[in-house]
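Each chain gets a letter, A, B and so on, in the order its sequence line appears, and its residues count up from 1.
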2 protein chains.
Amino acid sequence: MKNSFRRITKRKLSRSIIANAGLELVKDKGFDSLTMKALADKLNVTPMAIYRHVSDKSDLINSVLDAFVCDVDVCNHEISNLDWKEWLRATYTNMYTSLKGMPSLHPYLGNAPRFGPNAMEVLSKILSVLRTAGFNQQQTINATSSLTGFMIGCSIMDTAFHQSLSKSQQNLYIPSTIDSGLDHIFTALSLELEANNKTKVVS
Amino acid sequence: MKNSFRRITKRKLSRSIIANAGLELVKDKGFDSLTMKALADKLNVTPMAIYRHVSDKSDLINSVLDAFVCDVDVCNHEISNLDWKEWLRATYTNMYTSLKGMPSLHPYLGNAPRFGPNAMEVLSKILSVLRTAGFNQQQTINATSSLTGFMIGCSIMDTAFHQSLSKSQQNLYIPSTIDSGLDHIFTALSLELEANNKTKVVS
DNA sequence: ACCTGAACACCGTTCAAGT
DNA sequence: ACCTGAACACCGTTCAAGT
């Protein structure tokens with residue numbers, strides 16, 4: 001009785017509760033609003049209470065980013081039903097769309113964030129899809145780097161491009177979707193895979 | 001006499017002097033060291049003197065970024081001597097190498113920076129090379145977006161990837177150069193161009 | 001173990017004042 | 001026109017103290 005009471009009243013905070021509250025804050029009021037004080041107010045605690053669960057602000061940001069990855073759930077489509085290309089297209093398009101919808105997170109991406117557990121899970125799924133498709137280890141790393149780099153850069157660039165053009169240029173600019181770039185990469189990856197299969201038959 | 005005296009003693013500051021001092025500060029002491037106070041100390045003025053030439057901190061950052069673009073001079077190779085692919089490869093490799101060498105600038109890239117005059121000059125050169133090569137307007141925009149997005153994303157990712165792997169994984173990880181990704185994109189662009197030329201011949 | 005309260009050094013930015 | 005000096009609200013973070 002006494003124990004269950006303490007279990008309820010204590011431990012109001014946890015790393016994941018903090019991360020999700022932080023994500024909500026960024027969602028609602030943007031990048032700059034994620035401060036220790038604002039987050040503490042949202043959680044009805046003192047700013048210092050947060051430091052019991054995250055080591056510092058950059059640790060907080062990393063866990064918010066990982067909460068975001070978990071939230072958008074980019075890999076919710078079945079692997080088995082699609083070939084590698086379609087699966088990757090769906091996955092990266094999901095990521096891209098999610099990121100574009102949340103430009104407040106962009107500033108964090110440049111800060112060499114550490115991949116959290118959720119991001120790592122997505123990453124390992126991508127790697128395994130590529131390996132299963134027939135790419136060797138180095139090709140898999142290169143492909144993942146190309147795709148991920150392109151997806152992130154593209155979502156950042158689209159925003160930057162648009163802001164940089166003068167008023168008169170803005171109606172000229174048709175924002176590029178991520179599709180054409182993915183087409184570029186997939187075309188090249190397919191060729192790479194064909195070459196792999198040929199040398200396999202020969203040897 | 002009096003006028004020339006005033007011209008020398010006054011106007012110690014200018015937008016470009018401030019931008020270059022800011023760039024030096026970031027170069028030497030990293031991202032976090034670019035504060036109004038530190039910059040003012042470097043220039044031997046009061047923090048407030050800077051506000052006469054830049055409107056606020058984000059304006060300062062944009063001008064520092066543009067000073068960086070000017071500094072690295074990515075387009076110093078001749079257009080005429082190379083075909084479009086080689087010229088673009090050289091340009092984007094230059095940018096990538098410069099950015100990798102200055103991770104302190106990465107955080108700014110996520111902040112949807114406004115392209116300054118120097119960046120705009122580079123951008124227009126790239127666009128013109130693609131148009132001259134035979135791409136239509138939409139293809140040119142798509143290609144530029146692919147290449148630039150990939151280049152930026154790749155330099156950010158490489159750093160993030162490396163930091164995220166555990167110690168035991170780190171020796172497994174071979175950092176992907178930008179080359180393979182550019183290969184991917186160029187392969188696809190070449191196919192696109194071939195298709196363009198075919199339809200031209202037909203019509 | 002978990003949270004609070006007071007304090008610290010620093011940040012960007014404002015305003016009125018000097019020359 | 002260009003720069004200074006003092007002040008303001010806010011930031012992340014520390015430390016010792018409470019329960």
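Of all nucleotides listed (C/dC3, D/dC11, D/dC3), D/dC3 comes nearest to the side chain of B/L13. Which of C/dC3, D/dC3, D/dG12 sits closest to the side chain of A/H53 comes down to C/dC3.
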Dot-bracket encoding per residue of DNA chain C, Watson-Crick/G-U cut-off under 3.5 Å, | denoting interstrand: ||.|||||...|||||.||
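Rounded to an integer number of Å, the gap from B/L43 CG to D/dC3 P is 10 Å. Look at CZ on B/R15: it is 14 Å from P on D/dC2, rounded to the nearest Å. Rounded to whole angstrom, the span from the NZ atom of B/K12 across to the C1' atom of D/dA1 amounts to 14 Å. For the pair A/R52 CZ and D/dG18 C1', the computed distance is 13 Å after rounding to whole Å. The interatomic distance linking B/D41 (CG) with D/dT4 (P) rounds to 11 Å, in whole Å. Between the NZ atom of B/K37 and the P atom of D/dA6 there is a distance of 13 Å, rounded to whole Å. The separation between B/L60 atom CG and C/dG12 atom P is 9 Å, rounded to whole Å. Rounded to a whole Å, the CZ atom of B/F31 is 13 Å from the P atom of C/dC11.
No donor-acceptor distance shorter than 3.5 angstrom exists from the side chain of B/D59 to the backbone of B/V54, with no hydrogens or angles considered. Not one N or O on the side chain of A/T148 forms a donor-acceptor pair closer than 3.5 Å with the backbone of A/S145.
Enclosure of atom CD in A/E121 is not indicated, since only 12 or fewer non-hydrogen atoms of other residues, nucleotides or ligands lie within 6.0 angstrom.
The residue among A/M36 and B/N44 whose nearest nucleotide of DNA chain D lies closer to the 5′ end is B/N44.
Taking the six-membered ring for Trp and thresholds of 30 and 60 degrees, B/F186 and B/W84 have ring planes more than 60 degrees apart, a perpendicular arrangement.
A side-chain contact (heavy atoms from CB on, under 4.5 Å) with A/F135 is found for one member of A/T144, A/N142, A/I141, A/L130 and no other, namely A/L130.
For B/Y51, no side-chain nitrogen or oxygen approaches OP1 or OP2 of C/dG12 to under 4.0 Å. Under 4.0 angstrom from either OP1 or OP2 of C/dC3 there lies no side-chain N or O belonging to A/T46.
Between A/N20 and A/A67 the shortest heavy-atom distance is OD1-CB, 3.8 Å.
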When you look at B/D83 and B/R89, which way does the salt bridge (charged side-chain N to carboxylate O under 4.0 Å, His left out) test go after all the steps? CA-CA 10 Å; B/D83 78 336; B/R89 184 186 293 280; over 6 Å; no
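A/M48 comes within 4.0 angstrom of a base, heavy atoms only.
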